[in-house]
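Heads up: the structure comes next, in structure tokens.
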Amino acid sequence: MELTTLSLGVLASGEGTNLQAVIDACAGGEIPARVAMVISDREGSGALRRAGKAGIERHFVDRSRFPGKEDFESKIVSLLREAGVELVLLAGYMRLVGRAFVAAFPQRIMNIHPSLLPAFPGLESVRQALAYGVKVTGVTVHFVDEGLDTGPIIVQEPVVVREGEDETSLLERVHRVEHALYPRAIRLFAEGKLQVEDRIVKVEAGT
Ligand code: GRF
């Protein structure tokens with residue numbers, strides 16, 4: 001199947017290892033996409049550094065310079081639109097996305113989360129999972145709605161917790177799964193294999 005190149009915009013606040021995995025998957029031809037723009041709400045974040053290294057257009061958008069969340073997000077939406085972004089990826093973006101932002105990219109914003117949602121939404125999910133004593137946790141990629149990690153689930157991958165495992169070890173294994181799963185979800189989207197009905201995402205067979 002001949003595929004056109006999907007334009008991605010990535011929002012990240014932190015280290016950017018998921019961003020890096022997506023950049024590498026694009027460069028390696030694993031997904032028919034390119035990262036057109038990286039936006040961060042943290043100056044000097046690892047994500048912005050990685051974007052610079054890869055020669056990707058990057059912006060630091062400072063929340064404190066905007067009177068409200070809507071103005072802040074409308075700046076982000078216009079940057080993404082100017083760059084022709086078709087799919088927005090949240091990759092360690094530490095803010096809840098507002099209604100106007102979601103409406104600007106309907107079913108076109110994805111997030112990656114380090115647990116099997118709906119278990120352990122929010123922050124420090126790996127720590128939460130360990131403290132709860134689950135035997136299996138994992139990774140979820142989902143479409144973004146206005147809730148906290150509540151949008152329609154696209155793909156999930158389990159990670160079995162080892163007996164006596166500490167947070168550092170489990171975090172590392174979860175991250176490794178993330179770095180493979182995000183490209184997989186993007187590829188499904190790029191190939192037009194995802195259909196959303198209410199909150200159910202149907203994934204076309206043969207993938
Ligand atoms: C990842 O664990 C992701 O699932 C969560 O935030 C973390 C970001 O890590 N949403 P990185 O910045 O991609 O390294």
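The first residue in the sequence is number 1, and the count goes up from there. Order of appearance sets the numbers: ligands from 1, and atoms from 1 within every ligand.
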Notebook entry, point to check: Do other residues, nucleotides or ligands put more than 12 heavy atoms under 6.0 Å from Glu165 CD?
Noted result: yes

query: Going by an N to O cut-off under 4.0 Å, is there a salt bridge joining Arg50 and Glu15?
result: yes

Counting N and O atoms only, with roles assigned by atom type, does the side chain of Ser115 sit under 3.5 Å from a partner on the main chain of Phe120, one being a donor and the other an acceptor?
-> yes

of all protein heavy atoms, closest to atom 10 (N) of ligand 1 is Ile112 O, 3.0 Å

For ligand 1, is Ala12 a contact, meaning one of its heavy atoms is under 4.0 Å away?
-> no

All heavy atoms of Val61 vs all of Phe66, minimum pair found to be CG1-CE1, 3.7 Å

Glu178 heavy atoms within 4.0 Å reach ligand 1 at atoms 1 (C), 2 (O), 3 (C), 4 (O)

* Any sub-3.5 Å donor-acceptor pair from Asp149's side-chain atoms to Gly122's backbone N or O? -> yes

Looking only at protein heavy atoms, what sits closest to atom 9 (O) of ligand 1 is Asn18 ND2, 3.8 Å

Thr17 heavy atoms within 4.0 Å reach ligand 1 at atoms 11 (P), 12 (O), 13 (O), 14 (O)

Nearest heavy-atom approach of Ile186 to Leu87 is CG2-CD2, 4.3 Å

Atom 12 (O) of ligand 1: of Gly16, Gly14, Gly92, the nearest heavy atom sits on Gly16

Does at least one non-hydrogen atom of His175 fall below 4.0 angstrom from an atom of ligand 1? yes

Legend entry - Check: Asn111 N/O within less than 3.5 Å of ligand 1 N/O: no

